[in-house]
Amino acid sequence: MRLRTLAIALSTVVPLSIAAVPAAAQFVGALVDPLVANWIRSEVDRVDNLSVDISGSDNNLLNGRIDTAEVSGDNLVYEDFYLSRVELAGSNIRLTVDEALNGGSLNLVEPVSVDAFIRLSEADLNRSLQAPLIQSQLADEMVEIPFAGGSPVAFQLSEPQVSILDGQLKIDARLNADGTNVPISVTTGLSPQGGTELLLIDPTWLSDDGSQTPISGLNGVTIDLGPDVAIDSLELLAGELIYNGTVTIQP
């Protein structure tokens with residue numbers, strides 16, 4: 001979910017360390033500092049406790065090549081998406097330092113794979129669901145819910161609220177079809193599959209009378225996260241979601 005912002009910080013905050021190089025390098029660092037500060041202000045709405053740790057030879061740094069870099073931060077907010085904790089680590093990062101020092105922008109030269117640890121709280125997830133991008137998609141899209149022994153039925157989903165349980169997600173929402181507005185509750189497990197997909201495990205419909213009905217048509221359905229994400233592990237703990245994996249940052 002919007003990892004590109006903090007990941008790019010790997011390649012933008014890094015040049016600050018050039019100030020440790022004598023003479024001319026200090027001049028270079030003084031020019032790069034405001035570029036980095038302006039980029040963070042323009043791209044990230046909020047991040048607390050930002051920490052950056054890099055390694056590499058002075059010559060490499062001056063030529064825009066970073067051997068390894070680590071970035072971490074708390075309470076990241078970017079375009080109405082919320083993350084409680086982000087830790088990123090990248091290596092062999094190349095930057096357009098020359099362009100930046102000549103009035104251009106500081107950018108990645110080539111894709112970089114970033115190891116990522118992300119923690120989302122239940123509040124983070126629900127606030128992110130209110131983002132205009134998510135709300136507009138919910139308003140425009142119809143979802144098909146196949147029930148056991150029946151054909152798929154198309155509904156419009158609205159007002160989602162998610163509870164993160166130990167090993168499961170619980171989704172409370174409203175289904176709208178043909179003028180009918182019905183509250184629903186569904187639980188499901190999630191498991192990584194093939195690195196780039198999430199597998200729905202035992203989705204269950206929770207009725208008002210307390211009964212539970214397996215939604216067999218959704219069991220085993222996968223959600224494709226795209227080629228730039230590779231999940232190593234995904235944990236659903238009481239009140240929080242923990243992601244470990246990699247993200248490929250494109251120039």
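Quick note: residue numbers are just sequence positions, from 1.
- The minimum heavy-atom distance linking Ile231 with Pro192 is given by the pair CG2-CG, 3.7 Å.
- Contact between Pro160 and Gln130 at its shortest, heavy atoms only, is O-NE2, 4.1 Å.
- Criterion: ILVMFWY side-chain heavy atoms under 4.5 Å apart, direct or through other members. Under it, Leu129 and Leu165 are not part of a common hydrophobic cluster.
- Here CD of Gln168 is found 7.5 Å from OG1 of Thr188. Values are rounded to the nearest 0.5 Å.
- Using a 4.5 Å cut-off on side-chain heavy atoms (C-beta onward), Asn244 and Ile242 make contact.
- Remark: Ser128 OG to Leu83 CG distance equals 6.5 Å, nearest 0.5 Å.
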Under 3.5 Å, sequence neighbours excluded: what are the donor-acceptor pairs made by side chains of residues 115-126?
residue : atom : partner : partner atom : Å
Ser121  : OG   : Ala123  : N            : 3.4
Ser121  : OG   : Asp124  : N            : 3.0
Ser121  : OG   : Asp124  : OD1          : 3.4
Ser121  : OG   : Asp124  : OD2          : 3.1
Glu122  : OE1  : Ile164  : N            : 2.9
Asp124  : OD1  : Arg127  : NH2          : 3.2
Asp124  : OD2  : Ser84   : N            : 3.0
Asp124  : OD2  : Ser84   : OG           : 2.4
Asp124  : OD2  : Ser121  : N            : 2.8
Asn126  : OD1  : Val162  : N            : 2.7
Asn126  : ND2  : Glu122  : O            : 3.1
Asn126  : ND2  : Val162  : O            : 2.8

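- Here CG of Leu190 is found 5.5 Å from CG of Leu236. Values are rounded to the nearest 0.5 Å.
- With contacts defined as side-chain heavy-atom distances shorter than 4.5 Å, the pair Asn92/Val112 does not qualify.
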Which atom pairs, one a donor and one an acceptor, fall under 3.5 Å between side chains of residues 195-204 and the rest of the protein, sequence neighbours left out?
residue : atom : partner : partner atom : Å
Thr204  : OG1  : Asp202  : O            : 3.1

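- Of all heavy-atom pairs spanning Ile184 and Trp205, the tightest one is CG2-CH2, 3.2 Å.
- Within a 6.0 Å radius of CG in Asp48, more than 12 heavy atoms belonging to other residues, nucleotides or ligands are found.
- By the 4.5 Å heavy-atom criterion applied to side chains, Thr248 and Thr246 are not counted as neighbours.
- Atom CD of residue Gln212 and atom CG of residue Leu206 lie 5.5 Å apart, to the nearest 0.5 angstrom.
- Tyr243 is listed as a side-chain neighbour of Val229, based on a closest heavy-atom distance under 4.5 Å.
- Taken from CZ in Phe81 to CG in Asp45, the straight-line distance is 11.5 Å, to the nearest 0.5 Å.
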